[in-house]
Amino acid sequence: MNDNLIRLTDLEREVPFALSDAERHEIEHALGHYPDGRAASIEALKIVQHHRGWVPDGALAPVAALIGISAADLEGVATFYSLIFRQPVGRHVIKLCDSISCYLTGYDELRAALEQQLGIGYGQTTPDQRFTLLPVCCLGACDRGPTLMIDDALHGDVAPGAVAELLAAYP
Amino acid sequence: MTRESTMTLAQQLLTKPLTARVNTAQPMDLAAFEASGGYRALRLALKELSPQDVQARVKDANLRGRGGAGFPAGVKWGLIPMGPDAGVKYLVCNADEMEPGTFKDRLLMEGAPHQLVEGILVAAYATQATTGYIFLRGEYVLAAARLNQALAEARAAGLLGRNILGSGWDFDCFVHTGAGRYICGEETALINSLEGRRANPRAKPPFPQIAGAWGRPTVINNVETLNNVAPIVLNGAEWFRGLSQGKSPDGGTKLYGVSGRAKRPGVFELPIGTTAREILEQHAGGMKDGYQLKCWLPGGASTDFLLPEHLDLAMDYDTIGKAGSRMGTGLLAVVDQTHNMVSVVRNLEEFFARESCGWCTPCRDGLPWTVKILRALEAGQGNSGDIEQLVSMTKALGPGRTFCAHAPGAMEPLQSALKFFRAEFEAGIRADHAPAAGSPASSAAG
């Protein structure tokens, strides 16, 4: 039962972390697009994620300081958005569209093929840290269902039998 | 470019103003776009028209918002405070295309990015906006790259920035990319997200035109809507109204489309008011061999199902509205006979439950409850009273009970599926739970 209690020592523990010059520079550039620093919060989180694959706890305080809001506030933003990753992900993130058009054109079979070949389910990462599998909202390519994205690349008309070859392109 | 092909494109632009220039493999750069008549509407507006003149043209054209609601863009603009003391104002393009079954704005942004930039510029001039944002979903990586390229070209050519084309008017525009969450497409949630907050919707009033982004007057228009603006300014309201060829009291063309098991799914620019039958049978080639049409969503996950008997309806806002659904985004998702409607609706409601922002209780609690019942029915483990409970959900989560239209939208496919396919839901009730006809449980339904 006590496991459910948050211990203050965890919250106060310093996590060694420093933003790289590149991250800092990119965040400062994004700040120039808005009348208010907070507006860059999502972009700043995406910049950290772009460089590190995910957003570690330690990033919150320095990013929040840079854009002028509290770390708690920034964490509230970070946890709201499904494409900000608050735990480590694999080298490649597979986003499988589970919305209606893909559902109507073979989503269930594609999901089964992916889970079988990867040996993982939604929200999980393969033991070799190669792939993370996530569901995603309609990817806006409904004429090519079923669809998925691997990293930034969109793949349409993905037959379950083509999954092995597709995955092989992402070492 | 030869004279002949220029003529051809110019003619195409008069009948298909949205897609004549679309080339997703290699979109026009600034030079090619200008050679095809691009930025002529902006030049005309800056040199010869007042902002009020531009507003009047769009109002006369009765351009209705293509994001799904169909609200007239000119009326929306008319609510913006004008005059020298109006101060900072924003023009936001809603490019957060995430409505399941909708794939039209991607085509425009990837295939003709300068067209959107010109539409934003003309709309911003009409409302005297000072800064613009393209609120683009994070997954549209290619669209982001192409829009940023188009904006950079426009900025370098003096079409964006300070003293645009020597007019004395300053305006700049930025691409703002999101990080997931369907709710960001709701315009007040979009504003919160643009400001860097959690994307919870805001209460209206105040409406964004009065107090939107950072408390300033803000116009939010959909990508397809904005793509219509420059052609209207250039060719006039009468031309725009004529584009519908008498098929609808509304003007213009519309990006229609078909997804699901059709022979040739895709997006088609057609006169607004084209029948669903023509869209499906003529342009998408009909259903794939071996599949029959069971029902269809006229424009996204948050629209009521319609039946094959509704195919001859004109796809415009009022006609589809009168038939008990909404045109929504105008892209049909066709359901074939192999699908059980309980499963189809379960898929839709899982989406809505996951994407609820959690702000309002009926939505946050009602949608997962709905999913739980649907999963039980799907597994043949439904209890007596489940269907009555779903019917009551369509009321409890309906319009007027939440800040935004997320929960009411989620109830549209559910209520219509219950209306048209009730037997499929009843079949999911456990045999030992099915009420006898005339029993208190069934007579209390409704």
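Bear in mind the structure is a predicted one, so any value in this text is a computation, not a measurement. Reminder, nothing fancy here: chain letters follow the sequence lines and each chain counts from 1.
Only the side chain of Leu348(B) comes within less than 4.5 Å of a heavy atom of chain A; its backbone N, CA, C and O stay farther away. Neither the backbone nor the side chain of Leu107(B) comes within less than 4.5 Å of any heavy atom of chain A. Interface residue Ser343(B): backbone and side-chain heavy atoms are both found under 4.5 Å from chain A. Only the side chain of Leu154(A) comes within contact range of chain B, with at least one heavy atom under 4.5 Å from a heavy atom of that chain. Contacts between Cys184(B) and chain A at a heavy-atom distance below 4.5 Å involve the side chain alone, from C-beta outward. Neither the backbone nor the side chain of Leu142(B) comes within contact range of chain A; no heavy atom of the residue lies under 4.5 Å from a heavy atom of that chain. With a 4.5 Å cut-off on non-hydrogen atoms, Arg346(B) touches chain A through its side chain but not through its backbone. There is no contact between Ala213(B) and chain A, counting heavy-atom distances below 4.5 Å. The contact between Val334(B) and chain A is made entirely by backbone atoms, counting heavy-atom distances below 4.5 Å. Using a 4.5 Å cut-off between heavy atoms, Arg106(B) contacts chain A through its side chain alone, with no backbone atom that close.
Using a distance-only test at 3.5 Å, with no hydrogens or angles considered, no donor-acceptor pair links the side chain of Arg144(A) to the main chain of Gly156(A). Using modelled atom types, one side-chain atom of His92(A) and one backbone atom of Pro171(A) make a donor-acceptor pair closer than 3.5 Å. Asn222(B) contributes a side-chain N or O that, together with a main-chain N or O of Glu224(B), makes up a donor-acceptor pair within less than 3.5 Å. Side-chain atoms of Arg86(A) come within 3.5 Å of backbone N or O of Val55(A) as a donor-acceptor pair.
Geometrically, Lys294(B) does not engage Phe305(B) in a cation-pi contact, judged by NZ or CZ lying under 6.0 Å from the ring centre and within 45° of the ring axis.
Under 3.5 Å, the side chains of Glu412(B) and Ser325(B) contain no donor-acceptor pair of N or O atoms. Looking at Arg202(B) and Asn192(B), their side chains do bring a donor and an acceptor atom within 3.5 Å of each other. Neither side chain, Tyr140(B) nor Thr177(B), offers a donor N or O lying under 3.5 Å from an acceptor on the other. There is no side-chain donor-acceptor pair under 3.5 Å between Ser82(A) and Arg354(B). A donor and an acceptor atom, one from each side chain of Lys104(B) and Thr329(B), are nowhere located under 3.5 Å apart. For the 3.5 Å distance criterion, the side chains of Ser193(B) and Glu195(B) fail to qualify, holding no donor opposite an acceptor.
Interface summary for chain A: among Ser259(B), Gly180(B), Ala179(B), Pro265(B), the most heavy-atom pairs under 4.5 angstrom belong to Ala179(B). Listed options Glu99(B), His176(B), Glu97(B), Glu355(B) were ranked by heavy-atom pairs under 4.5 angstrom with chain A; first place goes to His176(B). Interface summary for chain A: among Pro100(B), Gly300(B), Ala301(B), the most heavy-atom pairs under 4.5 angstrom belong to Pro100(B). Among Ile67(A), Thr79(A), Asp73(A), Leu139(A), the residue making the largest number of heavy-atom pairs under 4.5 Å with chain B is Leu139(A). With respect to chain B, the highest number of heavy-atom pairs below 4.5 Å among Ile100(A), Thr105(A), Val77(A) belongs to Ile100(A). Among Cys142(A), Ala141(A), Ala30(A), the residue making the largest number of heavy-atom pairs under 4.5 Å with chain B is Cys142(A). Per-residue counts of heavy-atom pairs under 4.5 Å with chain A were compared for Ala199(B), Gly260(B), Ala333(B); the largest is that of Ala199(B).
Annotation: residues 107-137 of chain A contacts chain B through Pro135(A), Val136(A), Cys137(A) [non-hydrogen atoms, separation under 4.5 Å]. Residues of residues 36-45 of chain A placed with any heavy atom under 4.5 Å of a heavy atom in chain B are listed by number as Asp36(A), Arg38(A), Ala39(A), Ser41(A), Ile42(A), Glu43(A).
Using cut-offs of 30° and 60° on the angle between ring planes, the pair Phe352(B) and His406(B) is perpendicular. Ring geometry for Tyr90(B) versus Tyr133(B): interplanar angle of 30 to 60°, hence tilted.
In this structure, Tyr182(B) has its ring center under 6.0 Å from that of Phe351(B).
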Apply side chain to side chain donor-acceptor pair (under 3.5 Å) to His50(A) and Glu23(A), showing your working.
CA-CA 9 Å; His50(A) 179 75; Glu23(A) 287 168 320; over 6 Å; no
Can you list the steps and then say if Ser99(A) with Met98(B) is a side chain to side chain contact (heavy atoms under 4.5 Å, CB included)?
CA-CA 10 Å; Ser99(A) 293; Met98(B) 232 183 277; over 6 Å; no
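Taking a 6.0 Å sphere around CD of Gln87(A), one finds it holds 12 or fewer heavy atoms contributed by other residues, nucleotides or ligands.
Distance CG/Leu147(B) to CD1/Ile134(B): 4.5 Å, rounded to 0.5 Å.
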